[in-house]
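Written out below as structure tokens is the structure these notes cover.
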Amino acid sequence: SVILKQIKEKPQRRRVGFISSGAPARGHTKIYDESGSSLIGELTSGCPSPSLKENVSMGYVKTAFTKNGTKVKFEVRKKMIDAVVSKMPFVPSNYFSPK
């Protein structure tokens with residue numbers, strides 16, 4: 001009954017990926033809207049990506065902010081860092097498949 005209720009009402013927040021530059025954002029970093037005035041979520045994890053030469057992270061945000069390309073801000077060490085919602089996985093897999 002709990003799961004059916006959640007399916008019917010739609011989730012209030014969703015997990016998305018982010019790409020940012022500057023200081024890397026870590027878990028429990030607060031996520032704000034583009035203006036930096038409204039708290040919209042929290043990061044679950046984040047680290048620098050050697051492949052992308054940028055920082056990648058994942059977190060939960062309000063459903064209205066889950067569209068790819070949405071600009072947000074992270075509060076890292078009391079400074080606001082620009083970030084963008086991105087598709088996951090961040091780097092496409094190149095598995096070898098024999099023919």
Side-chain angles (χ1 to χ4, degrees):
S1 64
V2 173
I3 294 172
L4 292 174
K5 180 183 172 190
Q6 291 174 351
I7 291 172
K8 182 180 176 185
E9 294 178 1
K10 304 291 181 194
Q12 294 179 356
R13 60 187 192 135
R14 292 185 59 191
R15 183 177 61 97
V16 293
F18 301 96
I19 293 182
S20 64
S21 57
R26 305 295 184 173
H28 302 290
T29 297
K30 294 178 181 171
I31 306 169
Y32 293 89
D33 61 1
E34 187 175 8
S35 66
S37 60
S38 178
L39 181 66
I40 60 169
E42 182 179 68
L43 288 183
T44 57
S45 63
C47 64
S49 169
S51 300
L52 297 176
K53 309 267 191 288
E54 293 181 296
N55 302 319
V56 296
S57 52
M58 290 187 300
Y60 287 93
V61 295
K62 293 179 182 176
T63 306
F65 297 92
T66 58
K67 187 174 180 185
N68 190 24
T70 303
K71 294 182 181 182
V72 296
K73 292 191 181 286
F74 297 155
E75 184 180 359
V76 179
R77 297 183 209 119
K78 299 183 182 178
K79 294 181 183 175
M80 298 305 259
I81 305 292
D82 293 326
V84 177
V85 174
S86 175
K87 286 184 179 181
M88 292 188 292
F90 301 106
V91 178
S93 59
N94 291 323
Y95 297 118
F96 175 73
S97 300
K99 294 181 181 179

Please tabulate, for the side chains in residues 6-22, all donor-acceptor contacts under 3.5 angstrom to protein atoms that are two or more places apart in sequence or on a different chain.
none

Legend entry - Counterpart residues, side-chain hydrogen bond (donor to acceptor under 3.5 Å, both in side chains), relative to D33 (two or more places apart): S35
Less than 3.5 Å apart, which donor and acceptor atoms pair up between the side chains of residues 38-51 and the rest of the protein, not counting sequence neighbours?
unit_1: T44; atom_1: OG1; unit_2: M58; atom_2: O; d: 3.1
unit_1: S49; atom_1: OG; unit_2: L52; atom_2: N; d: 3.2

Inset, instruction - Decide yes or no on side chain to side chain contact (heavy atoms under 4.5 Å, CB included) for V85 and T66, but give the supporting numbers first. - result: CA-CA 7 Å; V85 174; T66 58; 5.7 Å; no
Legend entry - Co-members of V2 in a cluster of I, L, V, M, F, W and Y side chains, linked at under 4.5 Å: none
Inset, instruction - Treat each ILVMFWY residue as a node, draw an edge where side-chain heavy atoms are under 4.5 Å apart, and state whether M80 and V76 are in one component. - result: no
Inset, instruction - Would you list the pairs meeting ring pair (Phe, Tyr, Trp, His ring centres under 6.0 Å) in which at least one residue belongs to residues 42-68, sequence neighbours left out? - result: none
Legend entry - side chain to side chain donor-acceptor pair (under 3.5 Å) contacts in which one or both residues fall within residues 68-79, not counting sequence neighbours: Y32-E75, K73-D82
